[in-house]
Protein chains: 2
Amino acid sequence: MPAKRPPVPLSRERIIDAALHIADSQGLRRLTMRRLGDALEVEAMAIYHHLPRGKEALMDALAEHVTAVQVEAAPTWQETAKAWCRASREALRDHPGVLALALTKPPKGATTLAIREQVEQLTDAGLPGAAEAVRTMRAFVFGSVAVEVQQSGWADPEVDTWTRRDVQADADFERGLAALIKGLQI
Amino acid sequence: MPAKRPPVPLSRERIIDAALHIADSQGLRRLTMRRLGDALEVEAMAIYHHLPRGKEALMDALAEHVTAVQVEAAPTWQETAKAWCRASREALRDHPGVLALALTKPPKGATTLAIREQVEQLTDAGLPGAAEAVRTMRAFVFGSVAVEVQQSGWADPEVDTWTRRDVQADADFERGLAALIKGLQI
DNA sequence: ACCTGAACACCGTTCAAGT
DNA sequence: ACCTGAACACCGTTCAAGT
C-alpha cells in the first residue's frame, strides 16, 4: 500500500519552490493556484494560509527569490562588483519563467535590503557614488539576461532548446562586465 | 438621441491601441478579452475575427508594437546607433504596461525585420561585427528601461506617480550610451 | 493551526447562429 | 464578412466548516 499523505507540512518555502518549478517548466501563464495546489498535493485554498495575499504575494515572493542576491565582500570593490553581477545573472538565468516579474516589479523587501547592502559594501571598499554604480550594474545584468533568454528561444512553443549554455553569451557578458567596471572607476 | 453604434469598424490597429491603453493604465493582468471588448464597444468574441490566435496573438502584437523600431540612416554609424537606442528606449518607456512582454518574448515578425535592418544599416556604414553590436545595444536599452520603470514605481498600488520625466535616468542613459558607442569602435 | 468543500464572479475560447 | 449569444472548462478568492 502506498503512503497516502505523508505529513510533510506545507510551508512558504515549499510553495515557492513548486511555483518556480511550474513557471520555469511550463511558463508563468500556466502557474495557477489550482495547479500549484496539485503539485503540492493540497487543495489550492490551503496556499492562502501561508501566503495571505494570495497570488499577488506569490508573484512578489517569486520576484524576490531571483532578485535578492548577496555576495561576500572581496578585497577590492572591483571584485565585489563583479561577483555581484555574476551572481545576479546566474540567479535570473536559473529561472527564466519568472524573468518578466524580476525585471518589471519594483524592488521590495529582501531585494531592497540586498541592494542597500551592496551599495554599502562598495562604498566601504572605497567606491564613490556607489548608489549610481549599483543602478548601472543592475541595468547591465537585466539587459544581458533579457537578451540572452530571448535569444535562447525560451518561449511558448519549444521549451526543450533551453539546456545548453550559450558560450557566446558568456563571452559577451564578461566583456561587457570588464568594460563596465573600468568605466565606473573614473 | 445619442448615436447608438457608430459604424467604425473593428480593426487590428484599433484593437492594439485599446489594448495598450488598458495595459498602460491598469496593468497587464487587467487586460482581458472581455474588458478589451468593452473598450471597443463590441463583444469580446468579435476580437477573434481580427486576431485569430486570440490572446496569444494579442500579446505578440503588443510586444511587436513597442519593439519593432526603425530609424533613418545617419551619416555615421555612431549617429545611427545612438538614434536607434534613443528611439527604442522611447518606445519602451511609452508603454510600461507591456514592458514585461517586450523584454521577455523572443523577437518575431516586424521586430526581427527591424533588427535585421539595423544590422545592415550599421554594416553598410562601416561597423564590423554589427550583429554583436546590435545585441549589445538591445541589452543596454532593455536594462536601462527596466531599471528606470522599476524605480519610477510603475506598479500595482499607485500608477499616478508615473508622469514626470526622470532627469537622472536621462543623464544615466546618455552617459551609458556614449560609453557604449565608444566601446564599440575598437 | 491548518486544511477542505462549496460557492461566486470572472476568464479564454468554441461554435452555431444571426445580419 | 463581421459580429453576437450561449455554452464550456477553467481561474482567483471568500467563507463557513471540519480536524
Side-chain angles (χ1 to χ4, degrees), chain A residues 3-63 97-98 100-101 104-105 155-157, chain B residues 3-63 97-98 100-101 104-105 155-157:
Chain A
K4 265 273 197 86
R5 186 77 61 86
V8 184
L10 212 48
S11 71
R12 204 183 132 90
E13 202 194 354
R14 282 189 61 218
I15 293 171
I16 292 171
D17 281 356
L20 282 171
H21 187 257
I22 294 175
D24 289 335
S25 59
Q26 311 189 39
L28 198 59
R29 286 207 58 217
R30 291 187 65 81
L31 171 58
T32 69
M33 298 303 271
R34 284 164 150 101
R35 240 186 293 262
L36 184 52
D38 282 353
L40 293 162
E41 296 187 77
V42 108
E43 296 299 315
M45 304 77 195
I47 298 167
Y48 287 82
H49 205 268
H50 300 264
L51 287 102
R53 279 171 41 259
K55 193 155 193 188
E56 202 58 40
L58 179 63
M59 298 305 211
D60 286 350
L62 295 177
V98 299
L101 298 176
T104 274
K105 281 196 172 275
D156 309 48
Chain B
K4 267 274 200 83
R5 186 75 63 79
V8 184
L10 211 49
S11 71
R12 204 184 132 90
E13 202 193 356
R14 282 189 61 218
I15 293 171
I16 292 172
D17 281 357
L20 282 171
H21 186 257
I22 294 173
D24 289 334
S25 60
Q26 312 190 39
L28 198 58
R29 285 207 58 217
R30 290 185 66 80
L31 171 58
T32 69
M33 298 303 271
R34 283 166 151 100
R35 241 187 291 263
L36 185 51
D38 282 353
L40 293 162
E41 296 186 77
V42 109
E43 296 300 316
M45 304 77 194
I47 298 167
Y48 287 82
H49 204 268
H50 300 264
L51 287 100
R53 278 171 42 258
K55 193 156 194 189
E56 201 59 39
L58 179 63
M59 298 305 212
D60 286 350
L62 294 177
V98 298
L101 299 176
T104 274
K105 279 195 172 276
D156 309 47

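The chains referred to below are lettered A, B, ... by the order of the sequence lines, with proteins before strands, and numbering in each begins at 1. Keep in mind that what you see is a predicted model, and the values were worked out from it rather than measured. Atoms considered below: every heavy atom in the structure, side chains included; atoms not considered: hydrogens, waters and symmetry mates.
Relative to the side chain of Ala46(B), the nucleotides dC3(D), dC3(C), dT4(C) differ in distance, and dC3(D) lies closest.
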With side chain to side chain contact (heavy atoms under 4.5 Å, CB included) as the criterion, how do Leu58(A) and Ile47(A) come out once you've worked through the C-alpha distance, each side chain's angles and the decisive distance to 0.1 Å? CA-CA 10 Å; Leu58(A) 179 63; Ile47(A) 298 167; over 6 Å; no
Under a 4.0 Å heavy-atom criterion, the protein footprint on nucleotides 7-12 of chain C, written with B, S and -, is B---BB
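At least one side-chain nitrogen or oxygen of His50(B) sits closer than 4.0 Å to the OP1 or OP2 atom of dC3(D).
Taking OG from Ser11(A) and CG from Asp17(A), the interatomic distance works out to 8.0 Å, rounded to the nearest 0.5 Å.
In this structure, CD of Glu43(B) is placed 17 Å from P of dT14(C), rounded to the nearest angstrom. Distance Ile47(B) CD1 to dC15(C) P: 18 Å, rounded to the nearest Å. As rounded to whole Å, 19 Å separates atom P of dA1(C) from atom CZ of Arg12(A). Rounded to whole Å, the distance from CG on Leu10(B) to P on dT4(D) is 9 Å. Taking atom CD of residue Glu41(A) and atom P of nucleotide dT4(C), one finds them 11 Å apart after rounding to whole Å. Between Ile15(B) atom CD1 and dC2(D) atom P there is a gap of 11 Å when expressed in whole angstrom units. Look at NE2 on His49(B): it is 13 Å from C1' on dT19(C), rounded to the nearest Å. The distance between atom CG of Leu51(B) and atom C1' of dC3(D), rounded to the nearest whole Å, is 15 Å.
Residue-environment remark: NE2 (His50(A)) exceeds the threshold of 12 foreign heavy atoms within 6.0 Å.
Here dC15(D) sits opposite dG5(C) as a Watson-Crick or G-U wobble pair (both hydrogen-bonding atom distances under 3.5 Å).
Looking only at side-chain heavy atoms (C-beta outward), Asp60(A) and Arg53(A) come within less than 4.5 Å of each other. For the pair Leu10(B)/His49(B), no side-chain contact is recorded, criterion being any heavy-atom separation below 4.5 Å from C-beta on.
Put simply, the side chain of Arg30(B) never gets that close to the backbone of Ser25(B): no donor and acceptor are under 3.5 Å apart.
When the options Ile15(A), Leu31(A), Val98(A) are evaluated for a side chain to side chain contact (heavy atoms under 4.5 Å, CB included) with Leu20(A), the one that passes is Val98(A).
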